[in-house]
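Each remark here refers to the structure printed beneath this line.
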Protein chains: 2
Amino acid sequence: MSEHGQRRSDATRAPDNSGQGSRRVPMTPGARKVLEAAGRLFYERGIHAVGVDLIAAEAGVTKKTLYDRFGAKDQIVVEYLADRDERWRAFLVAYLERSRSPRSRILAVFDASRDWAEQSLPRGCSMINAHAEIADPAHPAYAVITGQKAWMLELFTDLARPLAPRRAKSLGRSLMLLHEGGLVAYGMGIFPDAIERARQDAQALVRAAVPSG
Amino acid sequence: MSEHGQRRSDATRAPDNSGQGSRRVPMTPGARKVLEAAGRLFYERGIHAVGVDLIAAEAGVTKKTLYDRFGAKDQIVVEYLADRDERWRAFLVAYLERSRSPRSRILAVFDASRDWAEQSLPRGCSMINAHAEIADPAHPAYAVITGQKAWMLELFTDLARPLAPRRAKSLGRSLMLLHEGGLVAYGMGIFPDAIERARQDAQALVRAAVPSG
DNA sequence: GGGTGAGTATACAGATCGGTCTACTATGGG
DNA sequence: CCCATAGTAGACCGATCTGTATACTCACCC
């Protein structure tokens with residue numbers, strides 16, 4: 001929503017706006033423990049399947065502390081997703097910065113996703129999973145979810161631009177498709193090494209689109 | 001799991017095994033009303049977010065009828081997914097049968113998905129969404145979900161075989177990636193006409209893989 | 001030294017959850 | 001006629017849900 005053009009900034013440096021309209025919560029030690037436990041439980045079991053009592057117990061914190069910090073479960077969900085998003089962007093940017101050519105930077109996104117998923121995401125993309133549970137667009141977490149995907153699409157488009165200025169939008173969308181497909185196939189275990197396969201297909205796609213790269 | 005080769009059968013005629021180990025429920029009028037209401041509510045709001053009282057009320061049926069037919073909410077979930085799967089396969093087979101060339105049959109899958117989604121799936125693939133909510137592989141619905149995706153992957157592989165016998169497995173996986181990516185991008189509204197775009201990319205992929213088609 | 005902020009411990013409220021129960025009705029087939 | 005089947009109506013169960021309340025401790029800081 002709103003104008004999604006975030007200045008002209010190089011895509012590697014725009015780790016802001018992940019919290020968008022949802023002001024973050026002061027991260028006291030208790031709040032941090034809650035967020036860590038909630039993040040783990042939400043991801044492993046699903047958001048609706050995890051109650052605040054369980055979160056508080058797993059965090060080693062009382063419910064009062066939990067509600068003093070977050071006010072409501074919905075806000076914990078927002079912080080969970082915004083935090084995941086923030087850490088993913090930082091992780092990704094590190095991969096992007098150590099690549100130079102436009103081509104290798106595109107592939108670096110898939111490398112980052114593959115490594116990120118293999119080290120901590122056996123159940124696939126948190127945003128896709130959360131979107132399946134949060135149907136109401138008015139939910140405060142909805143903007144975080146769609147914001148992350150919009151950011152990724154814009155990133156792919158920006159990365160494609162140096163390679164094919166006229167077809168950047170189109171190429172960006174194709175890369176996005178492969179990337180999302182890889183995440184889902186990986187998360188559902190449809191076949192092994194799905195993200196790596198998506199990377200290969202992206203490589204072929206880029207090669208075909210810009211034979212002079 | 002197990003040997004996933006289900007005979008040599010032509011992919012267009014294998015609408016069985018959708019209910020696998022989960023024996024279906026006798027479809028009395030009351031059961032049908034429950035399934036209709038549950039299907040709509042589960043898809044629109046998510047499985048965990050919908051209670052049995054609401055399902056019974058929306059179906060215009062008492063809770064006793066609901067439990068007499070299905071026994072447990074989990075079983076309603078199984079029937080919901082198995083029913084969706086069954087109807088999708090029938091829908092898809094109709095598209096496949098009116099296409100002749102291997103190439104157009106591959107594209108027909110994307111055509112079917114596009115039309116199927118546009119007419120009734122604003123929130124994307126039911127199986128992907130259900131997988132996000134059902135974390136436990138021991139859940140009776142889990143097999144239906146993974147079974148459907150395995151069937152789709154096998155279908156793509158079978159459709160790719162006449163075009164590229166040696167690379168059928170590889171090409172099938174690439175097509176699967178694009179297809180899943182299209183479904184997710186469509187369901188999350190990442191960009192417009194995502195499935196149609198996936199179809200175009202699939203077309204390009206097939207053309208590149210088999211220039212002599 | 002008094003106040004503020006962050007925390008523990010625990011009880012409680014009201015709603016909703018999945019699921020069971022009894023009592024009754026209507027229908028259709030041997 | 002009779003009995004099984006499929007249904008309505010509605011009370012009820014224990015558990016769990018999100019969220020609030022009271023009372024107290026501890027650390028820090030002006």
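In the text below, chain A, chain B and the rest are named by the order of the sequence lines, each starting its count at 1. Atom set for the values below is all heavy atoms of this structure, side chains included, hydrogens, waters and symmetry mates excluded. Quick caveat: nothing in here was measured; it's all calculated off a predicted structure.
- Geometric assessment of B:Arg84 against the ring of B:Tyr43 yields a positive cation-pi assignment under the 6.0 Å and 45° thresholds.
- Between the OH atom of B:Tyr67 and the C1' atom of D:dC12 there is a distance of 14 Å, given to the nearest Å.
- One can place CZ of B:Arg32 at 11 Å from P of D:dG7, the figure rounded to the nearest angstrom.
- Between D:dG7 and B:Arg69, a contact under 4.0 Å exists linking OP1 or OP2 to a side-chain N or O.
- A:Thr62 comes within 4.0 angstrom of a base, heavy atoms only.
- The environment of B:Arg98 atom CZ is dense: over 12 non-hydrogen atoms of other residues, nucleotides or ligands sit within 6.0 angstrom.
- Whole-Å rounding puts the A:Asp53 CG to C:dA9 P distance at 15 Å.
- Within the 4.0 Å cut-off from OP1 or OP2 of C:dT8, at least one side-chain nitrogen or oxygen of A:Thr65 is found.
- When the P atom of C:dG18 is taken as reference, atom CD of B:Gln75 falls 15 Å away, rounded to whole Å.
- A:His48 has its NE2 atom 14 Å from the C1' atom of C:dT16, to the nearest Å.
- Using bins of under 30°, 30° to 60° and over 60° for the plane-to-plane angle, the ring pair A:His179/A:Phe110 lands in the perpendicular bin.
- Counting non-hydrogen atoms under 4.0 angstrom, B:Asp68 reaches nothing in the nucleic acid.
- At whole-Å resolution of the value, CG in B:Leu66 and P in D:dT8 are 10 Å apart.
- A straight line from CG of B:Leu41 to P of C:dG18 spans 12 Å, rounded to a whole angstrom.
- In this structure, B:Thr28 reaches the D:dG7 phosphate: one of its side-chain N or O atoms is under 4.0 Å from OP1 or OP2.
- Candidate nucleotides D:dT18, D:dG7, C:dT20 were compared by shortest atom distance to the side chain of B:Lys63, and C:dT20 ranks first.
- Few gaps surround CZ on B:Arg40; more than 12 heavy atoms of other groups in view lie less than 6.0 Å from it.
- Counting only heavy atoms from C-beta outward, the side chains of B:Arg69 and B:Val34 never approach each other to under 4.5 Å.
- Computed from coordinates, the B:Lys64 NZ to C:dC21 P distance equals 11 Å when rounded to whole Å.
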